[in-house]
Amino acid sequence: MRALNHESVVSAPLTEVFQHIAERLAAASQGALTAEEVSLSQAPEHTGADLAFPCFPLARAWRKNPAQIAQEMAALIETDDVLGNVEAAGPYLNLSLARNATAGRVLDQVSASDGAYGGSDRQADQVVMMEYVSPNTNKPLHLGHVRNAVLGRCVANLVESQGARVHRTDIINDRGIHIAKSMIAYQRFADGETPESTGEKGDHFVGRYYVEFDKALYAERQAWLAEQGIDPSSLKDREKKKVEEDFLAASPLMADTRELLQKWEADDPEVRELWQKMNRWVYQGFDATYERLGIHFDRHYYESDIYRGGRELILDALERDVFDKADNGAVVAPLSKHGKLNDKVVLRADGTGLYITQDINLADIKFREFGLTKSYYCVGSEQNYYFQQLKATLKLLGFDWADGMEHLSYGMVYLPDGKMKSREGKVVDADDLMAEVVGLAENAILERSSDLPADDLARRAEAIGLSALVFEMLMVGRETDIQFDPEKSVAFEGKTGPYLQYVYARISSILRKAGEWTAPEQPAVDEDETWAIARSLLFYPTVVADAAESLDPSRLTSFLIEQTQAFNVFYRERRVLDAPEPQRSSRLALLEAFRQILDHGLRLLAIEPLDEM
RNA sequence: GCGCCCGUAGCUCAGCUGGAUAGAGCGACGGCCUCCGGAGCCGUAGGUCAGGGGUUCGAAUCCCUUCGGGCGCACCA
């Protein structure tokens, strides 16, 4: 957990608890510190304390060594029903909260919050857009898209939990040379077949033609290289790039593809019809994948609708001399003149649009349409540089709102033999993967209970399998690359989604069996294992706020794992249903509240809590 | 060549903006159900935090440098 200070702490009762302690410490510091300056860290496990105040920063003002300061401060601070104990330990002041009183305050707050405990209104003044997934319409979704979708959704949920108004959108890249490739391949090789005739899912059907195109291009490249007498293995990287450019310029297949794209831009009816037909197939496939993953959008944008507006914006800027014209006629944003980024071509020499052409327009449309204060782009880290260029280009155009754009960058997904490459068919397909993990979950359930009705089995397998997949994507830091081994697939044991679901189910089971009970006036939570649960409740909202502000769900996933681990220790050491009063009702009340934050946290991650599994 | 990122246990990763004895999951080995759900729990083994220098009371964390890897660098998306 992050250091606590007056800014990072969120939600009662932690805000009051912190304020109280900060004032005590400030007073004891004898003017060296104000309450606002107090920063507390988590006390290490072995100390048995909850929070720690390092005395090093006071050494200068006090002209004493930190250990001595700790001693003297400890003597100055009186304990009460918030701060239960203060102890000097070397240069640290270890602070223990008053357990029963604190637990009472937390439980009151959780029940008063009516299911909303964990949220806050810190970002209530924000109107944000989360643009995520944003696939190309020429191939099915793969594991990389799954990471994108799961991350974008979770960050949107997190920000929303802090009171922001959130618009979830998808920009569909339905225009460009990649689409033309699938279309060319379809024209040449399809012989009239359709997803209906082959029984394939639409996106997989179209994706197959994209791969076909690449095969044909590969054959052409081999022939050309042989003809030119070039041995590609003898080339250095830079030379390779040049040779590839030369080849693409010479390739008849590419010439046809470019011609098709120009016809498309010229609204050729035949080309447009094929384009619409193929896109429809793809969308049907995408919808099925999104549905199963539980991804929803408030709004779709289509690149084909907005790239023309982008061209107008660019030509206008060219007239105002904001942009330059290259020798061959391409329009260039002169970023190097204004900063350290390289210049960026924003319109091709032949006048056709690039990806950035529509991105410029879309950004403008989004900010105007929704009055955004923030616009998040959930896009892989390989586009970090592009994104800087986009932002700088918009600033050049005079769009001050570009400051509100933020690249929600995330690490790449690697397979054991390297990066996924969809052109080579070297991908983990999203639909296959979901089917795989759900199947594994089904086996795991059957091992435990074989007499489940078929529809219950299917529902649980879906929830458990997807939770494992989703959690795996969110457990690692956002910027960390993921090494994905399809052989090992995803796990159900250890730090996993099902581990969290299992704790939820265990608690639910206890609460089901508890019958009628009433919450105690003052809970009894003196034992370490029981207090650990109360403490989870106390810190939870601050962790959620931190995850939302850092746009990193792994802050939340690792907290939930730590706290459920603590629950499992409690579960082994302490009994609930046959405990004497007041322990029984105290523990029941804690478990009920703990289940509530677990439910809250799982929903932020978009994992379904299960009463039974 | 230039820019950005990374290198922590056999493997996969945490380590939260410099703090106490560097942690977890998996794998290995050994234990724990007459007891609220064993998808669980406990224990053992395993680390020169890539190497070197520096700043600091204090460095896995900051700076420099070497080595190793990834990504990117105007008409792909």
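Keep in mind that the numbers below use all heavy atoms, side chains included, and drop hydrogens, waters and symmetry copies. Chain identifiers are assigned alphabetically (A, B, ...) following the order of the sequence lines, protein sequences preceding nucleic acid strands; residue numbering begins at 1 within each chain.
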Exercise for the section: Classify the nucleic acid contact of Ala505(A) as base, sugar-phosphate or nothing, counting any heavy atom under 4.0 Å across all strands shown. Expected result: base
Exercise for the section: Pick base, sugar-phosphate or nothing for Leu335(A), based on heavy-atom distances below 4.0 Å to the nucleic acid. Expected result: nothing
Handout entry: Atom P, compared across C63(B) and C4(B): separation rounded to whole Å
Key = 12 Å
Practice task
Answer yes or no on whether Arg595(A) is positioned over the face of Tyr504(A), meaning its NZ or CZ is under 6.0 Å from the six-membered ring centre and within 45° of the axis.
Solution key: yes
Exercise for the section: Examine G37(B): is either OP1 or OP2 under 4.0 Å from a nitrogen or oxygen in the side chain of Arg512(A)? Give yes or no. Expected result: no
Exercise for the section: Indicate, with a heavy-atom threshold strictly under 4.0 Å, whether Ala52(A) touches base, sugar-phosphate, or nothing. Expected result: base
Exercise for the section: Pick base, sugar-phosphate or nothing for Met613(A), based on heavy-atom distances below 4.0 Å to the nucleic acid. Expected result: base
Practice task
Under 4.0 Å between any heavy atoms, over every strand shown, what does Asn384(A) touch: base, sugar-phosphate, or nothing? Just pick one.
Solution key: nothing
Exercise for the section: Answer with base, sugar-phosphate or nothing: what part of the nucleic acid does Val331(A) contact at a heavy-atom distance below 4.0 Å? Expected result: nothing
Exercise for the section: Give one of base, sugar-phosphate or nothing for Ser558(A), where a contact means two heavy atoms less than 4.0 Å apart. Expected result: nothing
Exercise for the section: Scan Glu479(A) against the nucleic acid and name what it touches under 4.0 Å (heavy atoms): base, sugar-phosphate only, or nothing. Expected result: nothing
Problem - Atom CD of Glu265(A) with >12 non-hydrogen neighbours under 6.0 angstrom - result: yes
Exercise for the section: Report yes if at least one side-chain N or O of Arg448(A) is closer than 4.0 Å to OP1 or OP2 of G38(B); otherwise report no. Expected result: no
Practice task
Would you kindly say whether Gln583(A) and Ser586(A) are connected by a side-chain donor-acceptor distance under 3.5 Å?
Solution key: no
Exercise for the section: Rounded off to whole Å, could you give me the CZ-to-P distance for the Phe492(A) and G27(B) pair? Expected result: 14 Å
Completion exercise
Between CG of Leu93(A) and C1' of A20(B) the distance, given in whole Å, is 14 Å
Exercise for the section: Examine A14(B): is either OP1 or OP2 under 4.0 Å from a nitrogen or oxygen in the side chain of Thr480(A)? Give yes or no. Expected result: yes
Fill in the blank from the handout: To the nearest angstrom, the CD1-C1' distance between Ile533(A) and C36(B) comes to 13 Å
Exercise for the section: Count the heavy atoms of every other residue, nucleotide or ligand shown that sit under 6.0 Å from CZ of Arg60(A), and state whether that count exceeds 12. Expected result: no
Fill in the blank from the handout: When rounded to whole Å, the CE to P distance for the pair Met412(A) and G69(B) reads 16 Å
Exercise for the section: Please work out if Pro54(A) contacts a base, only the sugar-phosphate, or nothing of the nucleic acid, heavy-atom cut-off 4.0 Å. Expected result: nothing
Practice task
Using a heavy-atom cut-off of under 4.0 Å over every strand shown, decide if Asp611(A) touches base, sugar-phosphate, or nothing.
Solution key: base
Handout entry: Separation of the P atoms in C73(B) and C42(B), to the nearest angstrom
Key = 48 Å
Practice task
Take the protein atom CG of Asp546(A) and the nucleotide atom C1' of G15(B), then report the distance between them rounded to whole Å.
Solution key: 14 Å
Practice task
Could you say whether Lys495(A) or Val476(A) is positioned toward the 5' end of RNA chain B, judged by the nucleotide with the nearest heavy atom to each?
Solution key: Val476(A)
Handout entry: Check: Asn138(A) side chain, A77(B) base, donor-acceptor under 3.5 Å
Key = no
Handout entry: Donor + acceptor pair across side chains of Gln501(A), Ser467(A) (<3.5 Å)
Key = yes
Exercise for the section: Return the value, rounded to whole Å, for the distance between atom CD of Gln389(A) and atom P of A77(B). Expected result: 14 Å
Handout entry: Carboxylate-amine/guanidinium contact Lys139(A) Asp203(A), below 4.0 Å
Key = no
Completion exercise
Rounded to whole Å, the CD1-C1' distance (Ile69(A) to A20(B)) equals 16 Å
Practice task
Would you mind telling me which residue lines up with the more 5' stretch of RNA chain B, Pro57(A) or Ser554(A), judged by nearest nucleotide?
Solution key: Ser554(A)
Practice task
Pick base, sugar-phosphate or nothing for Ile464(A), based on heavy-atom distances below 4.0 Å to the nucleic acid.
Solution key: base
Practice task
Using a 4.0 Å heavy-atom cut-off across all strands, classify Asp481(A) as base, sugar-phosphate, or nothing.
Solution key: sugar-phosphate
Problem - SB check Arg258(A) Asp350(A) (cutoff 4.0 Å) - result: no
Exercise for the section: Using a 4.0 Å heavy-atom cut-off across all strands, classify Arg460(A) as base, sugar-phosphate, or nothing. Expected result: nothing
Practice task
For Tyr385(A) and A77(B), give me the distance from atom OH to atom P, rounded to whole Å.
Solution key: 18 Å
